[in-house]
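All values derive from a computational prediction rather than experimental measurement. Here is how names work: the chains are called A, B, and so on, in the same order as the sequence lines, proteins then strands, and each is numbered from 1.
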Protein chains: 2
Amino acid sequence: MSDQKTTTHERLLQEAAALFARRGYSGTSMSDIAREVGVRKASLYNYYPSKADLLMDLLEQSLSSWSQACDQRSEGIDDTEGRLAAHLQSAVDFSRAHPQAMALIRLATAQVPGDLRRRVQSRCSDYETKWRQEMTGLFQEAVDRGEVQSSDPAILALFWSVFLDGILVNRVFATEKTDSVVSSLQSLWEFFWRGVSGTSPHTEISL
Amino acid sequence: MSDQKTTTHERLLQEAAALFARRGYSGTSMSDIAREVGVRKASLYNYYPSKADLLMDLLEQSLSSWSQACDQRSEGIDDTEGRLAAHLQSAVDFSRAHPQAMALIRLATAQVPGDLRRRVQSRCSDYETKWRQEMTGLFQEAVDRGEVQSSDPAILALFWSVFLDGILVNRVFATEKTDSVVSSLQSLWEFFWRGVSGTSPHTEISL
DNA sequence: CCTACCGATCGGTAGG
DNA sequence: CCTACCGATCGGTAGG
C-alpha cells in the first residue's frame, strides 16, 4: 500500500481545499470531506474543533505559500522592471501550480457566514495592506530613478494590482479560455509596461 | 402604508439578490429570504418552483441589465478610444449603482452546486463569447485605422478584459479601498491607453 | 478512528 | 399567502 503513505491529516487538508475551492464553504459539508478522505465525519474533529477552524488553517497555509512563492524570485533583482516581471511570472506560475490555494484566497473575499467572514477578511487585509505598501515603495523608487513616467506611486501600484487581479481572476475562474492568458502573457506584460513607462520592456516572461 | 407599494415578487427578487450576493447561494436558505421578504417560506414557491430557478431568473436579469447599460452609452461614438472610454465608464457606473447584480454575475463563476453550475456557466459563457467577439472586432478596426499599435486584435481584447476584470473585481470584492479605484479611474485609463496605443488619451473619464 | 446520537435546519410539498 | 408537515442532512458531541 505505498499508495497510502500520506497521513490522514495531509489528505484532510488536500481534500478539504479541493472541495472548498470547487463548491465554496457553505456548499461543502464535513461529510463530503470525510467521504473523500476515507474516514467517518466524526474523525475529522480530532484534527480541528470546527469547520471554521479547518478553513482558517487552509487559508493561512495558502496565503503563506503564495507570498513565499511571490517573494523569492525577485530577490536578486535590482531594477523595477525586472522585479515586476519576476513577480508577475511567480504569481502566474503559482496560480497554475496551486489553483486550489488561489481559490481559497478568493473564497475569503467571497461568501462565508458572518462571524467567519470577519476572521477571514482581517487575515486577508493584513496581507493586502503589507503588499500594497511594498509595491508603492517599489514604484516610488522607480519614479525617483526615472524608470517610469512621473506619477503618484500609489496610483502606479493600484494599476499594477488591477492588472494582476485581472490576470489572476481570469486564471482562477475561467472555464475554457484559461490558457489564453498564459500563452499571451508576454504581450500583456508589454502593454502594461508601456503604459507605465512609455517604453517597451526588455524583460522576457517565459512560461 | 405607502411603504408597501412594492409587490411581493419585487421584494422577493430584491432580497434574494442581496442575500445571494452577500452570503452565496448555498449560504442562503429559502427561510432567510422569506424572513427578509416578510412572508412564510412556503409562499416563495408560488413564484419559483425551486431555489435554483430563482437564482437563474436573477442571473438573467442581472446579465441583461448589465449588457444594456454597457451598450447604450457608446452608441453614438465612432473612434475606438472614445468607445472604450465610454464602455469603461458605463461598467464602473453600473457596478457602483448595482453592486448586487455584479455580485450575482460573479457568483456564476464561483460556487454553486453541480447541476446548477452547468446551467449558470453556459448562460454566462454565451454572454462572454459574444462580448469577446465584439471587442476583438472593435480592436481589429482600431488596428486597421492605426489608432493602436499594430498587434493581434484578440490579444488587445484580452488585455482590455484583464484590465476591466481587475477594476471590477476590486470594486466588487474590496472592503474599504473600494473608492480608490473610482477616484483614480482617469489615471488608470491613461495607463491602459498608453499601453495599447503608445500615446496619451484625449478622452476624459468623469465620475 | 469508530458507532451512535443530538437538536436544528435544509429544500420542498400537501392542502386549503 | 398560510399551517403543518416530509425525509434528508447539517455541524457537532459522547463515549469508547
Would you say that A:Lys51 contacts A:Tyr25 through its side chain, given a criterion of any heavy-atom pair below 4.5 Å between the two side chains?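 Yes, at least one pair of side-chain atoms sits under 4.5 Å.
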
Return the residues of residues 37-58 of chain A meeting this criterion: a heavy atom under 4.0 Å from some atom of DNA chain C. Order them by number, or give none.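 When residues 37-58 of chain A is checked for heavy atoms under 4.0 Å from DNA chain C, the hits, listed by number, are A:Val39, A:Arg40, A:Ala42, A:Ser43, A:Asn46, A:Tyr47.
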
Going through the checks in order, is the side chain to side chain contact (heavy atoms under 4.5 Å, CB included) test met by A:Trp193 and A:Thr203? CA-CA 10 Å; A:Trp193 183 253; A:Thr203 320; over 6 Å; no

Carefully, step by step, assess A:Glu81 and A:Glu147 under the rule side chain to side chain contact (heavy atoms under 4.5 Å, CB included). CA-CA 8 Å; A:Glu81 187 200 321; A:Glu147 291 176 330; over 6 Å; no

Paired to D:dT9 by Watson-Crick or G-U wobble criteria (both distances under 3.5 Å) is C:dA8

Using Watson-Crick or G-U wobble geometry with both distances below 3.5 Å, tell me the partner of D:dG16, or none.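 With both distances under 3.5 Å, D:dG16 matches C:dC1.
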
Who pairs with A:Gln72 by side chain to side chain donor-acceptor pair (under 3.5 Å), at least two apart in sequence or on another chain? none

Can you tell me how far [atom2] of [N] sits from [atom1] of [X], to the nearest Å?
| X | N | atom1 | atom2 | result |
| --- | --- | --- | --- | --- |
| B:Ile33 | C:dT9 | CD1 | C1' | 15 Å |
| B:Arg35 | C:dG11 | CZ | C1' | 15 Å |
| B:Tyr25 | C:dC10 | OH | C1' | 12 Å |
| A:Met30 | C:dC5 | CE | P | 22 Å |

With a 4.0 Å limit, can you tell me whether A:Ser29 has a side-chain N or O closer than that to the phosphate oxygens OP1/OP2 of D:dC10?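 For D:dC10, OP1/OP2 do have a side-chain N/O of A:Ser29 under 4.0 Å.
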
Quick one: is C:dT9 close enough that its OP1 or OP2 comes under 4.0 Å of any side-chain N or O from B:Ser31? no

Looking across every strand, which nucleic acid part, if any, lies under 4.0 Å from A:Thr28 by heavy atom: base, sugar-phosphate, or nothing? sugar-phosphate

Salt-bridge criterion met for B:Asp32 and B:Arg35 (N-O under 4.0 Å): yes

Between B:Phe192 and B:Phe159, what is the ring plane arrangement, given parallel below 30°, perpendicular above 60°, and tilted in between?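 Parallel, since the angle between the ring planes stays under 30°.
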
